[in-house]
Protein chains: 2
Amino acid sequence: MDGTLLGLGGKTLSEAVQDPNAYVSACPTRQALDRIADKWTVLVLGLLEGGPMRFNQLRREIEGISQKMLSQTLKSLERDGLVSRRAFATVPVTVEYSITPLGATLAQTLVPLRVWAETHITRMLEARAAYDRAGDDRMADERTADAA
Amino acid sequence: MDGTLLGLGGKTLSEAVQDPNAYVSACPTRQALDRIADKWTVLVLGLLEGGPMRFNQLRREIEGISQKMLSQTLKSLERDGLVSRRAFATVPVTVEYSITPLGATLAQTLVPLRVWAETHITRMLEARAAYDRAGDDRMADERTADAA
DNA sequence: CAGAATAGGTTTCTAATGGTGACTTGATGC
DNA sequence: GCATCAAGTCACCATTAGAAACCTATTCTG
């Protein structure tokens with residue numbers, strides 16, 4: 001083993017990390033991007049930014065998230081050092097999730113994303129409706145062409 | 001039909017859009033978030049921000065994307081009015097994708113995300129390694145407990 | 001003239017992921 | 001003695017992502 005990884009253009013992992021480029025598939029940055037570009041991550045970190053929260057509290061706030069996805073999301077956020085988990089030996093057991101300093105820096109960059117979604121949604125819905133109307137025409141054209 | 005949608009707390013769609021909240025599952029903002037919080041979207045918009053590009057040009061730049069995912073991503077970006085597509089009747093046909101003004105505003109908010117991934121990846125990898133080491137111990141403990 | 005290449009896709013098949021709902025554990029109130 | 005709470009897990013099915021082949025039309029290469 002010479003420490004060289006396939007797909008990094010002959011670079012070692014540490015060299016690749018010194019020249020990070022999300023457009024290179026083997027670059028670890030790609031993993032990071034894949035990890036954080038996720039609906040539930042954005043919503044969970046958005047809530048934890050306001051202070052620690054408990055499991056079912058998060059579940060109630062994030063309408064539509066399943067227990068499975070929440071525990072999965074929290075587990076991988078914890079693994080990546082973005083949130084921390086503390087369990088209290090109460091009855092029933094209480095678990096508190098809070099954001100780490102690292103997670104807080106990510107949460108900062110995620111805010112504009114949520115804001116963009118909330119402010120530009122109407123423009124997107126309009127564009128979508130227009131596209132779908134045009135699509136109906138296209139399909140009608142195709143049916144006419146087929147019949148001919 | 002009174003224009004009321006289920007899950008919006010008795011609000012009409014237009015009322016929900018006036019009070020957007022990504023934490024409400026039926027809010028269209030959630031769709032927008034789900035749409036834009038995507039690895040390929042981040043990478044494609046990041047490239048188109050620098051000027052129009054052609055299909056295979058994008059494919060070559062974004063290492064690891066399949067033709068299917070690229071055409072799918074571009075199609076839904078076009079549907080949502082974030083990129084525009086122009087085909088030229090050359091031989092073989094040439095197709096040029098460019099970012100729309102709306103897409104440009106989104107691309108702006110996506111830059112910090114890519115930058116975060118590129119600058120914090122080492123911290124994440126460290127945290128992950130530490131977590132996995134601890135996990136090995138946990139599993140060893142469980143095996144010991146099982147044997148007892 | 002056969003075969004390859006090029007551009008921009010679509011189709012097909014499989015592997016991984018996401019969501020649903022039932023189940024767990026242990027104490028506590030009814 | 002039964003239901004409830006918290007914080008999950010488990011088994012199952014539906015959707016999706018990814019890999020690889022194929023398509024159409026034209027031109028280039030041997």
Side-chain angles (χ1 to χ4, degrees), chain A residues 6-7 24-26 30-31 33-44 47-48 52-79 83-98 135 138-139 142 145-146, chain B residues 7 25-26 30-31 33-44 47-48 52-79 83-98 135 138-139 142 145-146:
Chain A
L6 258 56
V24 175
S25 63
R30 178 69 73 82
Q31 295 169 41
L33 187 59
D34 201 18
R35 172 76 204 68
I36 63 187
D38 167 66
K39 180 174 54 169
W40 301 130
T41 295
V42 174
L43 295 173
V44 168
L47 282 178
L48 291 182
M53 283 208 197
R54 289 165 48 185
F55 187 87
N56 279 323
Q57 207 177 349
L58 285 165
R59 190 157 76 95
R60 277 187 296 269
E61 293 280 344
I62 305 173
E63 227 181 69
I65 195 169
S66 64
Q67 284 183 300
K68 184 181 125 181
M69 285 315 294
L70 180 55
S71 91
Q72 212 170 90
T73 303
L74 287 169
K75 202 177 285 180
S76 67
L77 284 173
E78 191 196 355
R79 183 163 109 102
V83 311
S84 64
R85 197 192 105 114
R86 286 209 309 158
F88 300 92
T90 53
V91 152
V93 65
T94 303
V95 180
E96 192 185 81
Y97 291 93
S98 48
R138 276 195 297 278
M139 280 189 285
E142 276 167 32
D146 289 350
Chain B
S25 64
R30 179 69 74 82
Q31 296 168 41
L33 187 60
D34 200 20
R35 174 72 206 70
I36 64 185
D38 167 67
K39 181 174 53 171
W40 301 131
T41 295
V42 174
L43 295 173
V44 167
L47 282 178
L48 290 183
M53 283 208 196
R54 288 164 50 184
F55 187 87
N56 280 323
Q57 208 178 347
L58 286 167
R59 190 156 76 95
R60 277 187 295 267
E61 293 281 344
I62 305 172
E63 227 181 69
I65 196 171
S66 65
Q67 285 185 303
K68 185 182 117 180
M69 284 315 294
L70 181 55
S71 92
Q72 213 169 88
T73 303
L74 287 169
K75 203 178 284 181
S76 66
L77 284 173
E78 193 197 354
R79 183 163 109 102
V83 312
S84 63
R85 196 191 106 115
R86 286 209 310 158
F88 300 93
T90 53
V91 152
V93 66
T94 303
V95 180
E96 192 185 81
Y97 291 91
S98 47
R138 274 196 297 277
M139 280 189 286
E142 276 168 32
D146 288 350

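A note on names: the letters A, B, ... follow the listed sequences, proteins ahead of strands, and every chain is numbered from 1.
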Rounded to whole Å, the CE-C1' distance (B:Met69 to C:dG8) equals 17 Å
Have B:Arg86 and B:Ser98 got a donor and an acceptor in their side chains that come within less than 3.5 Å?
-> no
Interatomic distance, A:Leu74 CG vs D:dA6 C1' [rounded to whole Å] | 14 Å
Checking all strands, does A:Thr94 fall into the base, sugar-phosphate, or nothing category for heavy-atom contacts under 4.0 angstrom?
-> sugar-phosphate
Partner of A:Met53 under side chain to side chain contact (heavy atoms under 4.5 Å, CB included), chosen from A:Leu47, A:Val44, A:Val83 = A:Leu47
Does B:Tyr97 place a side-chain N or O at less than 4.0 Å from the phosphate oxygens OP1/OP2 of C:dG9?
-> yes
Could I get the full list of salt bridge (charged side-chain N to carboxylate O under 4.0 Å, His left out) partners for B:Arg59, not counting sequence neighbours?
-> none
Atom-pair distance (CG on A:Leu70; P on D:dG8), nearest Å | 8 Å
Start at the 5' end of DNA chain C and walk down; is the nucleotide closest to A:Val91 or to A:Gln72 reached first?
-> A:Gln72
Rounded to the nearest 0.5 Å, how far does NZ of A:Lys39 lie from CZ of B:Arg35?
-> 13.0 Å
For B:Ile65 and C:dG9, give me the distance from atom CD1 to atom P, rounded to whole Å.
-> 13 Å
What is the distance from CG of A:Asp38 to C1' of C:dA16, rounded to the nearest Å?
-> 15 Å
Want to settle it: does A:Pro92 or B:Arg60 sit nearer the 5' end of DNA chain C, counting the closest nucleotide to each?
-> B:Arg60
Between NZ of A:Lys75 and C1' of C:dG18 the distance, given in whole Å, is 15 Å
Look at the side-chain N and O atoms of A:Ser71 and state whether any lies under 4.0 Å from the OP1 or OP2 oxygen of D:dA7.
-> no
Ignoring the backbone of A:Phe55, work out which of D:dA7, C:dG8, D:dG18 is nearest its side chain.
-> D:dA7
Counting only side-chain N and O atoms of B:Gln67, is one of them less than 4.0 Å from OP1 or OP2 of C:dG8?
-> no
Would you say C:dG9 has OP1 or OP2 under 4.0 Å from some side-chain N or O of B:Arg85?
-> yes
A:Lys68 vs C:dA22: side-chain N/O to OP1/OP2 distance below 4.0 Å | no
Verify the contact: side-chain N or O of A:Trp40 to OP1 or OP2 of C:dT17, cut-off strictly under 4.0 Å; return yes or no.
-> no
Do the non-hydrogen side-chain atoms of A:Val95 and A:Phe88 ever get within less than 4.5 Å of each other?
-> no
Are A:Ser66 and C:dG18 close enough that a side-chain N or O sits under 4.0 Å from OP1 or OP2?
-> no
Interatomic distance, B:Phe88 CZ vs C:dA7 C1' [rounded to whole Å] | 14 Å
Check every strand shown and say whether B:Arg54 touches a base, only sugar-phosphate, or nothing at a heavy-atom separation below 4.0 Å.
-> sugar-phosphate
Quick one: A:Arg59 CZ to D:dC5 P, roughly how many Å, whole number?
-> 11 Å
